[in-house]
Structures are given as structure tokens and as C-alpha cells.
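Comments concern the structure below.
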Amino acid sequence: MEKIFTTENFEMEVLKSDKPVLVDFYADWCGPCKMMAPLIEKMAEEFSDSAVIGKLNVDDNEEIAMKYQVMNIPTLILFKNGAAVNRLVGVQSREILEKLLR
């Protein structure tokens, strides 16, 4: 199961993680985000040994979305050692996400 990131746990779960963290910035009303949800959940299970994969609701956590300049959703940002190192905007394929995580 994917992690749910919030303002309260973002620093500990994402920025201080010893594994790479893929954050899916989404909203409940977003159609493309809903299309990505099953893939994010499945990959969170499959990559649980090597990475943390989770979601952050931009409507509930606006300050984090603004900090990372998330203007469109879904936006996926890969964090390593507390830094945002890669960003993808829009619906992505499994192949692209796997390549990003390897």
C-alpha cells in the first residue's frame, strides 16, 4: 500500500528517508490522478524494499505543493537524500516510473 504524505509527516517520511521516495501530488477530483492511483498503489508494494512510494493531496497540503511548485497534477517528484531530483508531470506509464526508480 502506498504511503499517505501530509504536512505533518512529510519531513520525516520523505526528506529524512534513507530510501528514494516517489511522491504523487494529486487531488481527489482529478481524473488523470485517478487513472494513476492503481499504478502507484501496485508499484508501492512491488518496490517496498528499495523505495518509498506515496501520495500527497494538494488540496489538503497546499503549502508543500507550493514549496515544490506543483502547478499541474498529477505531478510525481522523486526525492533522494531530502532533495527533489526528478519531476514528471501528467499521466505516466509503468515503464517510465520503473526507469525513474532504478
Side-chain angles (χ1 to χ4, degrees):
M1 175 114 188
E2 74 273 11
K3 292 249 185 193
I4 302 299
F5 301 121
T6 64
T7 302
E8 291 76 30
N9 71 8
F10 192 83
E11 182 176 354
M12 193 60 152
E13 298 279 343
V14 177
L15 302 180
K16 293 186 176 178
S17 176
D18 56 352
K19 294 179 182 178
V21 181
L22 182 63
V23 180
D24 174 17
F25 289 82
Y26 80 102
D28 291 330
W29 50 263
C30 166
C33 300
K34 290 178 184 179
M35 290 172 51
M36 288 293 300
L39 177 59
I40 295 296
E41 186 173 340
K42 186 169 179 66
M43 291 188 73
E45 293 172 14
E46 292 177 14
F47 283 82
S48 63
D49 291 340
S50 60
V52 176
I53 300 175
K55 299 165 64 162
L56 182 130
N57 186 312
V58 297
D59 290 332
D60 297 338
N61 303 279
E62 290 179 20
E63 59 281 352
I64 294 176
M66 288 187 336
K67 179 178 180 178
Y68 292 99
Q69 300 176 339
V70 174
M71 303 296 175
N72 299 299
I73 52 175
T75 292
L76 296 112
I77 301 178
L78 181 66
F79 291 83
K80 289 185 180 176
N81 301 318
V85 297
N86 208 326
R87 172 186 299 251
L88 300 169
V89 178
V91 174
Q92 303 297 322
S93 69
R94 178 182 180 86
E95 292 76 22
I96 290 172
L97 295 183
E98 284 179 359
K99 186 177 178 184
L100 182 69
L101 290 167
R102 297 209 190 277

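Just so it is clear, the values below take in all heavy atoms, side chains as well, and ignore hydrogens, waters and symmetry mates. As the structure is a prediction and not an experimental result, all values here were calculated from the model. Just so you know, residue 1 is the first one in the sequence shown, and it goes up from there.
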How long is the span from the SG atom in Cys33 to the CG atom in Asp28, to the nearest 0.5 Å?
-> 9.0 Å
Interatomic distance, CZ@Arg102 vs OG@Ser50, rounded to 0.5 Å, equals 7.5 Å
Might you confirm whether atom CD of Gln69 has over 12 heavy atoms from other residues, nucleotides or ligands at distances under 6.0 Å?
-> no
Do other residues, nucleotides or ligands put more than 12 heavy atoms under 6.0 Å from Lys67 NZ?
-> no
Do the non-hydrogen side-chain atoms of Leu56 and Val70 ever get within less than 4.5 Å of each other?
-> no
Give a yes or no on whether Lys3 atom NZ has more than 12 heavy-atom contacts from other residues, nucleotides or ligands under 6.0 Å away.
-> no
Taking all atoms of both residues into account, what is the closest heavy-atom pair of Ser48 and Lys19, and its distance?
-> O-NZ, 2.7 Å
Using atom types as modelled and distance alone, determine if a side-chain donor or acceptor of Asn9 lies under 3.5 Å from a backbone N or O of Ile4.
-> yes
Is the count of non-hydrogen atoms from other residues, nucleotides or ligands lying under 6.0 Å from Asn86 atom CG greater than 12?
-> yes
Side-chain donor-acceptor contacts of residues 57-65 below 3.5 Å, not counting sequence neighbours, with atom names and distances?
residue: Asn57; atom: OD1; partner: Asp59; partner atom: N; Å: 2.8
residue: Asn57; atom: OD1; partner: Asp60; partner atom: N; Å: 3.2
residue: Asp59; atom: OD2; partner: Trp29; partner atom: NE1; Å: 2.7
residue: Asn61; atom: OD1; partner: Thr7; partner atom: N; Å: 2.8
residue: Asn61; atom: OD1; partner: Thr7; partner atom: OG1; Å: 3.1
residue: Asn61; atom: ND2; partner: Asn57; partner atom: O; Å: 3.0
residue: Glu63; atom: OE2; partner: Thr7; partner atom: OG1; Å: 2.2

Same cluster or not: are Val23 and Leu15 linked, directly or through other Ile, Leu, Val, Met, Phe, Trp or Tyr residues, by side-chain heavy atoms under 4.5 angstrom apart?
-> yes
Side-chain (Thr75) to main-chain (Asn72) donor-acceptor, under 3.5 angstrom = yes
Qualifying residue for ring pair (Phe, Tyr, Trp, His ring centres under 6.0 Å) with Phe79, from Phe5, Phe25, Phe10 = Phe10
About how many Å separate CE of Met71 and CE of Met66, when rounded to the nearest 0.5 Å?
-> 9.0 Å
Would you call Glu46 and Lys42 a salt bridge, taking side-chain N to carboxylate O under 4.0 Å as the test?
-> yes
Got a sec, which hydrophobics cluster with Leu76, joining ILVMFWY side chains under 4.5 Å apart, including via others?
-> Leu22, Met35, Met36, Leu39, Ile40, Met43, Phe47, Ile53, Leu78, Val85, Leu88, Val91, Ile96, Leu97, Leu100, Leu101
Once you round to the nearest 0.5 Å, how far does CD of Glu2 lie from NZ of Lys55?
-> 5.0 Å
